[in-house]
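Structure first, then comments.
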Amino acid sequence: MSNREEPLNFIEKTIQSDLDSGGFSSIRTRFPPEPNGYLHIGHAKSICLNFGLATSFSGECNLRFDDTNPEKEDGEFVRAIIDDVKWLGFQWDGEIRYASDYFLKLYEWAQHLVSVNKAYVCELDLDEIRRYRGTLTEKGTNSPYRDRSPEESLVLLERMRKGEIDEGAMTLRAKIDMGSPNINMRDPVIYRIKKLEHQRTGAEWKIYPSYDFAHGQGDALEGITHSICTLEFQANRPLYDWFIANLPVPSKPRQYEFGRLNINYLVLSKRKLKKLVDDKLVDGWDDPRMPTLRGLRRRGVSARAIRDFCDSLAIAKTDGIVDISQLEHFVRDDLNRHAYRGMCVMNPVRLSLHNYEAAKTEILDIPRHPDRLDLGLREVPFSSTIFIDRNDFTEDTSLSRKKFKRLVLGDYVRLRGGYIVKATSVDKNARGEVQQINGEIVEKTVGQAPPAGIKPRGVIHWVSEAHAVNCTIRQYDRLFSTAFPEEGNKPFVDYINPKSLVIKRNCKAEASLKNASIGEHYQFEREGYYCLDSVLSCPSDLVFNCTIGLRENPDKYK
RNA sequence: UGGGGCGUAGCCAAGUGGUUAAGGCAACGGGUUUUGAUCCCGUCAUUCGUAGGUUCGACUCCUACCGCCCCAGCCA
């Protein structure tokens with residue numbers, strides 16, 4: 001076990017006791033995505049769990065695509081998933097596996113089941129199968145084809161495989177118990193005819209195994225010891241065990257279920273995420289507002305933040321809803337530690353410093369990170385005209401120092417990393433709006449404590465006008481305006497927050513940001529964390545995504 | 001309704017017969033601060049879905065009840 005102080009979760013306890021009792025000499029887990037969509041943060045929990053368990057117990061973790069349904073799957077998703085798992089920081093053992101690698105073996109096992117009279121070819125159609133299945137309270141009825149001889153089923157199964165039977169006309173069913181209180185055990189369909197090309201096996205197969213018939217056997221073939229899935233598969237476990245018990249499999253994996261991740265203000269179901277994309281409610285699977293790994297990445301959330309968040313989650317059998325603030329905490333925590341600092345003025349107004357030589361430019365050296373001097377310094381040019389944020393200035397001299405820790409007409413404020421300045425007057429336009437602030441610097445205050453008698457109200461960020469880099473900022477807010485978009489009376493898309501994306505143009509970034517690179521994270525001081533947008537940004541027009549704002553003091557004057 | 005699960009603070013949770021009922025997030029006080037950030041310190045369940053019972057002693061065992069989730073795809 002790792003050196004973690006945390007108490008063991010129920011899966012870790014099981015593994016520990018399996019190892020202690022000699023049930024296994026080592027463990028092997030697997031992450032088994034279906035390539036029918038992109039990975040989201042819910043998958044990240046499963047990835048971190050499976051790979052993490054393998055690491056903690058010195059075992060291995062496989063990556064296996066559950067590609068048993070060619071109708072919804074395709075190679076583009078396979079590529080994206082592989083890329084996302086790598087980006088998250090995990091390495092699977094050996095080759096990537098595919099359920100489709102086992103189609104032949106699975107088919108032989110299906111024949112085996114038929115030959116020992118534990119499966120049969122059924123000719124009931126979709127509707128009939130449903131009726132014969134019974135309901136939650138009424139037992140099912142045996143299919144009229146249930147007692148067909150193994151020999152006849154074998155012939156029919158072969159004809160299904162060859163494509164001689166129409167889609168929907170026949171299925172292969174496990175012969176278990178139509179009277180079982182567990183509906184999954186009422187002769188489940190294990191092979192269906194689909195005359196569809198598969199992204200990997202092409203036209204080779206006309207029949208495809210069901211999830212239940214493929215998953216556990218795939219686990220057994222790969223020597224998976226602990227097959228971890230989500231709670232909704234609990235009712236499938238008896239079936240999982242039945243196949244393992246009735247087939248000559250090379251190992252005996254066991255299935256364990258944990259509660260999947262839910263986060264308020266977010267939607268985490270492939271179907272719903274797909275709808276957002278298909279209906280163009282967002283700009284694709286990698287829209288920075290999407291909880292997909294690609295969206296989060298483009299937004300500026302690091303893989304480490306996602307891993308830290310996932311590690312903070314409980315592995316339990318309750319299906320709870322985690323507060324989004326827990327995710328946000330880990331995002332900020334990581335960014336605070338690693339992001340370079342910089343300044344960017346989003347609502348610029350000119351501040352002209354009249355006692356500073358007009359033609360002069362001074363280069364100020366400011367740390368890239370205030371707590372990590374090892375990261376070095378950045379050069380920030382200062383000159384007589386700078387931009388500050390309109391919200392950082394007021395003519396209202398009645399505001400207390402505690403209420404407004406910024407620039408007030410007639411008072412002093414510290415420019416971050418630079419001089420203390422004083423506002424002396426304002427120029428207004430015909431509408432009475434502040435056009436420019438006039439002021440002066442206090443000499444010899446760069447890096448120095450304020451001289452006696454001068455008490456700056458606070459510290460504000462700024463950018464030299466002559467050296468400013470124009471940029472566009474994309475500010476994101478929650479995609480949904482309600483905590484539980486799936487629980488209202490209206491369709492979840494009706495709760496989309498119209499202000500989830502606000503674009504601010506002509507923002508003024510400090511000169512060093514001209515060299516910002518994709519994949520790098522920045523904190524624009526007093527504002528938040530930002531990163532270059534990997535698709536919209538270009539050298540001539542820098543576009544920054546707001547990953548997340550800084551935490552705000554609730555008393556902060558707005 | 002048959003079956004399978006789950007109920008501990010605003011949220012996520014640890015706890016498996018004797019502990020002051022961990023920890024994280026949030027919130028709220030206070031300190032530090034050239035980011036209203038960070039950091040630091042402190043507060044935050046006399047009570048564990050409810051009601052009974054067993055026991056010297058129950059979040060832990062028993063009984064009943066209540067609530068929530070999953071299963072009736074030839075999806076996974």
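Below, chains carry the letters A, B, ... as their sequence lines are ordered, and counting in each starts from 1. Only this structure's heavy atoms are used, side chains among them; waters, hydrogens and symmetry mates stay out.
Residue Arg130(A) places at least one side-chain N or O under 4.0 Å from the OP1 or OP2 atom of G73(B). For the OP1/OP2 pair of U38(B) and a distance below 4.0 Å, the side-chain nitrogens and oxygens of Arg551(A) include at least one atom meeting the criterion. OP1 or OP2 of U35(B) has not a single side-chain nitrogen or oxygen of His461(A) nearer than 4.0 Å. Listed pair Thr318(A) / C12(B) fails the phosphate criterion, with no side-chain N or O lying under 4.0 Å from OP1 or OP2. Side-chain N/O atoms of Arg192(A) include one lying less than 4.0 angstrom from OP1 or OP2 on A76(B). Close to G36(B), at under 4.0 Å from its OP1 or OP2, lies a side-chain N or O of Arg526(A). An OP1 or OP2 oxygen of C74(B) is reached within less than 4.0 angstrom by a side-chain nitrogen or oxygen of Arg133(A).
Rounded to whole Å, the separation between the C1' atoms of C44(B) and A9(B) comes to 8 Å. Using atom P as the reference point in both C28(B) and C65(B), the two lie 44 Å apart (nearest Å). Rounded to the nearest Å, the gap between the P atom of G24(B) and that of C62(B) is 33 Å. Taking the P atom of each, G7(B) and U50(B) are spaced 14 Å apart, rounded to whole Å. Taking the C1' atom of each, U46(B) and U19(B) are spaced 15 Å apart, rounded to whole Å. For the C1' atoms, the distance linking U60(B) with G15(B) amounts to 8 Å, nearest Å. A27(B) sits 10 Å from U38(B) when the P atoms are compared, rounded to a whole Å.
Applying the Watson-Crick and G-U wobble criteria (two distances, each under 3.5 Å), G17(B) pairs with nothing in any strand. Within the shown strands, A27(B) is the pairing partner of U43(B) under the Watson-Crick or G-U definition, both distances less than 3.5 Å. Pairing for C6(B) is with G67(B), a Watson-Crick or G-U wobble pair whose two hydrogen-bonding atom distances lie under 3.5 Å. Look at C61(B): its Watson-Crick or wobble partner, with both distances under 3.5 angstrom, is G53(B).
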*Could you walk me through whether Arg526(A) and Asp392(A) pass the salt bridge (charged side-chain N to carboxylate O under 4.0 Å, His left out) check?*
CA-CA 11 Å; Arg526(A) 302 209 311 131; Asp392(A) 285 340; 2.3 Å; yes
*Applying ring pair (Phe, Tyr, Trp, His ring centres under 6.0 Å), run through Trp109(A) and Phe243(A) and close with a yes or a no.*
CA-CA 10 Å; Trp109(A) 278 339; Phe243(A) 291 127; over 10 Å; no
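The base of U35(B) lies close enough to the side chain of Arg341(A) for a donor and an acceptor atom to sit less than 3.5 Å apart. Applying the 3.5 Å distance criterion, the base of U35(B) shares no donor-acceptor pair with the side chain of Glu527(A).
Asn236(A) comes within 4.0 angstrom of a base, heavy atoms only. Residue Lys317(A) is in sugar-phosphate contact alone, with no base atom involved, counting any heavy-atom pair closer than 4.0 Å across all strands shown. Counting non-hydrogen atoms under 4.0 angstrom, Thr135(A) reaches a base of the nucleic acid. Among the protein residues, Glu328(A) comes within range of no part of the nucleic acid, since none of its heavy atoms lies under 4.0 Å from any strand. Counting non-hydrogen atoms under 4.0 angstrom, Glu128(A) reaches nothing in the nucleic acid. Using a 4.0 Å heavy-atom criterion, one finds that Pro370(A) contacts the bases of the nucleic acid, with or without backbone contacts as well. Residue-level contact check: Gly259(A) touches neither bases nor backbone, having no heavy atom under 4.0 Å from any strand. Within 4.0 Å (heavy atoms only), Asn264(A) reaches no atom of the nucleic acid at all. Within 4.0 Å of Lys139(A), counting heavy atoms only, lies no atom of the nucleic acid at all. Nucleic acid contact class of Gly168(A) (heavy atoms, under 4.0 Å, all strands): base. Ser269(A) comes within contact range of no nucleotide atom at all, as no heavy-atom separation falls under 4.0 Å. Using a 4.0 Å heavy-atom cutoff across all strands shown, Leu124(A) reaches at least one base atom of the nucleic acid. Using a 4.0 Å heavy-atom cutoff across all strands shown, Ile321(A) reaches sugar-phosphate atoms only and no base atom. Residue Thr68(A) is classed as a sugar-phosphate contact, given heavy-atom separations below 4.0 Å to backbone atoms only.
Along RNA chain B, the nucleotide nearest to Arg332(A) and the one nearest to Val189(A) differ in position, and the one closer to the 5' end is contacted by Arg332(A). Residues Gln326(A) and Asp125(A) both approach RNA chain B. Their nearest nucleotides, taken by heavy-atom distance, put Gln326(A) toward the 5′ side.
Each of Phe213(A), Tyr120(A), Phe103(A) was scored for a ring pair (Phe, Tyr, Trp, His ring centres under 6.0 Å) with Tyr191(A), with one residue passing: Phe213(A). For the side chain to side chain contact (heavy atoms under 4.5 Å, CB included) with Leu266(A), the lone residue among Ile324(A), Leu273(A), Ile321(A) that qualifies is Ile324(A).
Using the six-membered ring where Trp is involved, Phe31(A) and His43(A) have ring planes that are perpendicular, over 60° apart on the 30 and 60° scheme. A parallel orientation is assigned to the rings of His198(A) and Tyr208(A), their planes being inclined by less than 30° (bins at 30° and 60°).
Between Phe382(A) and Val446(A) there is no side-chain heavy-atom pair separated by less than 4.5 Å. When side chains are defined from C-beta on, Arg30(A) counts as touching Asn50(A), because their heavy atoms get closer than 4.5 Å.
Here G42(B) is in the anti range [glycosidic angle more than 90° from 0].
Aromatic ring centres of Tyr211(A) and Phe233(A): separated by under 6.0 Å.
Nucleotide C39(B) holds its P atom 13 Å from the CG atom of Leu335(A), rounded to whole Å. Between the CD1 atom of Ile366(A) and the P atom of U34(B) there is a distance of 15 Å, given to the nearest Å. Remark: C1' of A26(B) and CG of Asn553(A) are 15 Å apart, rounded to the nearest angstrom. Nucleotide G10(B) holds its C1' atom 12 Å from the OH atom of Tyr265(A), rounded to whole Å. Per the geometry, CD1 belonging to Ile176(A) stands 15 Å off P belonging to A72(B), to the nearest Å.
No side-chain donor from either of Ser180(A) and Asn182(A) sits under 3.5 Å from a side-chain acceptor of the other.
Side-chain proximity of Ser325(A) to C25(B), U35(B), A13(B): nearest is C25(B).
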Just the atom pairs and distances: protein N or O near nucleotides 65-70 of chain B's N or O, under 3.5 Å.
unit_1, atom_1, unit_2, atom_2, d
C69(B), O2', Asp319(A), OD2, 2.9

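With hydrogens and angles disregarded, a donor-acceptor distance shorter than 3.5 Å links the side chain of Thr14(A) to the backbone of Phe10(A).
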